[in-house]
Amino acid sequence: MKILCVAEKPSISKAVAKILSGESTRTRKTRAKYIMNYDFKFNFPQYGLCDVTMTSVVGHITNIDFPPEYSWGKCPPGRLLEAPTLEVVSQQDVFKNIANEARTANILMIWTDCDREGEFIGWEILQAARSTNTNLTSENVLRSQFSHLERNHILHAAKNPISLDLNAVKAVSCRMELDLRVGASFTRLLTDLFRKSSVANTSMDKDKKSNVISYGTCQFPTLGFIVDRYLRVKSFISEKFWYISVDIKMENDGEVQLVPFTWTRGHFFDRLFVTLIYQDCIANPFGKITKVIRKPTSNWRPLPLTTVELQKDCARIFKMSAKDALDAAEKLYNKGFISYPRTETDQFPQAMDLKELIGKQSQDTRWGSYCSELLHEDKYRTPRGGKNDDKAHPPIHPVNYVNLSALDNDKLKKVYEYVVRRFLACCSDDAKGELNTVTLQWGKEEFTATGLAVIAKNYLNIYPYKKWESSKQLPNFIEGESRSITGGKMKEGKTSPPNHMTEPELIGLMDANGIGTDATIAEHIFKITNRGYVVKTKQRGTEYILPSELGMGLIQGFDRIEFENISLSKPFLRKRLENSLQEIVDGRTTKEQVLREVIQLYRQAFVQSAQKGNILLQAYKDIIDSNNNP
DNA sequence: GCAAGGTC
């Protein structure tokens, strides 16, 4: 019996082959870059001792496109919403390797990631295998389920396969088709429209880095977030507010200390209202300490690391772009130093031997002694678990030790050190402190003062990326005592404008709204930058993302058209599609149904956009004019 | 020359 196993990426096929074979494989090179075929024997309970070939693809091997008669310029762009589509093999060498190896296989076992895209890639692999071996049918195509590479987990997966989830395959093919139809039709429409307009042509050069004005179902909501924030900052009007604050003068060992108390009611925008309350208060020369509470508090260690968190933190701490952070993580992964960097999972599988991983880091001069403390002084704690599990990859963690000096560049060093420290922090205890809260009653109003004493830094000792420090200690107040009010004032403040969009905030928004995935969020930001829709600028050390004139014009133009039931610049439609895809997976609706509904919506929007092209152009011209004559 | 999704 011969079994062909195919994984989604080379690293998985290598690791799985190593586990199943007991480390004795014959390795064959292939014509496809990065891909090896591993031959070995394995005893499957249901088939006995089998000849196994384990190989992989490198992500998708096919893509969807239009036939040549629908290429750019050959048909009106709107036709692309209904035009036939083709499946094209985009990775010939990879496809051929599968086809070759499948010739003599009795069984095909799919080892792609256990997520939606993985299911589709599994289906692509099946097509490649069937191209030479039509005996491979649903009867003898198996799908193994695994979410990490721990030995027993993989052995269990090999022995308990299920079948491909065809609903998931349908859902992905639905997404692909919609993204292509909508993206290609609107891109051609916009590009042709702006090219015909002379004003657009002369003014666009400064924004333009590419000669295409692309529309994408992820690009535009991303751009929309940035424009939205920009407009909120620009149209912000500061408002005055009023509040009461109290200082109490205390003598502590001969030293005079002013203890500031804050009003529990915050602030009000009505000056007269605060004035009346204040007048009521100042009638009393004394206030009363009504409550003194000391209670233990903790500062929680971080959750296990996801891609989105890695990118947000690298932007915040090291000022790296999301793409640079992911690229660096990718390199570290390919060298075997860290685990797979694209994951949504923020909980470690129970069976994973985390202490072994900590042990590997003990040799480091910076964090090695901390590792020893964790392992030998009973300071190790099982990491907290978050709510996310992509069922495909564990959280990002260090796999092997490397000395920072052996890494090529600064970005690699920073990201590796961050991943290690984050992991060690996860395996440490929360920081502990004591929170002291004193409540003061003055007239009818309540005020509080708080003091924090950090008692044990614990994880913070290894995790310099977060600050949690003791505040000035409060003097000893006694419950029930009266205190003279030395500084009771009514003060004025004003609301401050929001900041422009930063990359970590944008990543957070995209993640929360389902725009893009862990693997693509960075690319979408990169793409709209490259298209000239947004620019990054530094202000006082922080990098902000601002819309360009073109980016503003596009979003405002689409908003001015006011489509029915749809917004091309907001995230709702993508989120709705995401829900529909899940319904396809759950069998509550069909791919055809979703395609019909969504295409219908976009067709209406397309027709209107084509008719009202002048509105789109005018919006852009208006932005340029207002910037020239502010 | 168009998308978004995998992965190197």
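Here is the naming used below: chain letters follow the sequence lines, and residue numbers restart at 1 for every chain.
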For A:E8 and A:T187, take the nucleotide of DNA chain B holding the closest heavy atom to each; which residue's nucleotide lies nearer the 5' end?
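So the residue in question is A:T187.
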
Of A:L80 and A:E523, whose closest DNA chain B nucleotide lies nearer the 5' terminus?
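Closest to the 5' end, via its nearest nucleotide, is A:L80.
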
Distance in angstrom units between [X] [atom1] and [N] [atom2], rounded:
{"X": "A:K323", "N": "B:dA4", "atom1": "NZ", "atom2": "C1'", "answer": "16 Å"}
{"X": "A:E119", "N": "B:dG5", "atom1": "CD", "atom2": "P", "answer": "18 Å"}
{"X": "A:L193", "N": "B:dC2", "atom1": "CG", "atom2": "P", "answer": "18 Å"}
{"X": "A:I12", "N": "B:dC8", "atom1": "CD1", "atom2": "P", "answer": "9 Å"}
{"X": "A:L86", "N": "B:dA3", "atom1": "CG", "atom2": "P", "answer": "18 Å"}
{"X": "A:M36", "N": "B:dC8", "atom1": "CE", "atom2": "P", "answer": "14 Å"}
{"X": "A:F120", "N": "B:dG6", "atom1": "CZ", "atom2": "C1'", "answer": "11 Å"}
{"X": "A:N63", "N": "B:dC2", "atom1": "CG", "atom2": "P", "answer": "13 Å"}

Identify which nucleotide among [options] has an atom closest to any side-chain atom of [X], counting heavy atoms from C-beta outward.
{"X": "A:R342", "options": "B:dC8, B:dA4, B:dC2", "result": "B:dC8"}
{"X": "A:H393", "options": "B:dG6, B:dT7, B:dA3", "result": "B:dT7"}
{"X": "A:D65", "options": "B:dC2, B:dG1, B:dT7", "result": "B:dC2"}
{"X": "A:H524", "options": "B:dA3, B:dA4, B:dC8", "result": "B:dA4"}
{"X": "A:H60", "options": "B:dG5, B:dA4, B:dG1", "result": "B:dG5"}
{"X": "A:W72", "options": "B:dA3, B:dC8, B:dG1", "result": "B:dG1"}
{"X": "A:K9", "options": "B:dG1, B:dC8, B:dA3", "result": "B:dC8"}

Scan [X] against the nucleic acid and name what it touches under 4.0 Å (heavy atoms): base, sugar-phosphate only, or nothing.
{"X": "A:G183", "result": "sugar-phosphate"}
{"X": "A:I61", "result": "nothing"}
{"X": "A:P77", "result": "nothing"}
{"X": "A:Q91", "result": "base"}
{"X": "A:D192", "result": "nothing"}
{"X": "A:F220", "result": "nothing"}
{"X": "A:Y340", "result": "sugar-phosphate"}
{"X": "A:K527", "result": "sugar-phosphate"}
{"X": "A:D113", "result": "sugar-phosphate"}
{"X": "A:Y215", "result": "sugar-phosphate"}
{"X": "A:Q219", "result": "sugar-phosphate"}
{"X": "A:G516", "result": "sugar-phosphate"}
{"X": "A:T191", "result": "base"}

How long is the straight-line distance from NZ of A:K323 back to CD of A:Q311, given to the nearest 0.5 Å?
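Between atom CD of A:Q311 and atom NZ of A:K323 there are 11.0 Å.
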
Between [X] and [Y], a side-chain donor and acceptor under 3.5 Å:
{"X": "A:N97", "Y": "A:T55", "result": "yes"}
{"X": "A:S185", "Y": "A:Y602", "result": "no"}
{"X": "A:R574", "Y": "A:T217", "result": "yes"}
{"X": "A:H60", "Y": "A:Q91", "result": "no"}

Not counting sequence neighbours, which residues clear salt bridge (charged side-chain N to carboxylate O under 4.0 Å, His left out) with A:E417? List them please.
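If we apply the salt bridge (charged side-chain N to carboxylate O under 4.0 Å, His left out) test to A:E417, skipping adjacent residues, the hits are A:R421.
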
When you look at NZ of A:K411, are more than 12 heavy atoms from neighbouring residues, nucleotides or ligands closer to it than 6.0 Å?
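Not buried by this count: 12 neighbours or fewer within 6.0 Å.
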
Which residues pass the side chain to side chain contact (heavy atoms under 4.5 Å, CB included) test with A:K14, not counting sequence neighbours?
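Side chain to side chain contact (heavy atoms under 4.5 Å, CB included) list for A:K14, sorted by chain: A:Y38.
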
Within 45 degrees of the axis of the six-membered ring of A:Y416 and under 6.0 Å from its centre: does A:K335 put its NZ or CZ there?
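Not flagged: A:K335 not positioned over aromatic ring of A:Y416.
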
Residues of residues 168-179 of chain A with any non-hydrogen atom less than 4.0 angstrom from an atom of DNA chain B: list those, numerically ordered, please.
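Those residues are A:R175, A:M176, A:D179.
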
Looking at [X], I'd like to know whether one of its side-chain N or O atoms comes within less than 4.0 Å of OP1 or OP2 on [N].
{"X": "A:R531", "N": "B:dA3", "value": "yes"}
{"X": "A:T520", "N": "B:dG5", "value": "yes"}
{"X": "A:T517", "N": "B:dG6", "value": "yes"}

Could you check A:E578 against A:Q582 for side-chain hydrogen bond (donor to acceptor under 3.5 Å, both in side chains), going step by step and ending with a plain yes or no?
CA-CA 6 Å; A:E578 199 55 39; A:Q582 190 54 49; over 6 Å; no

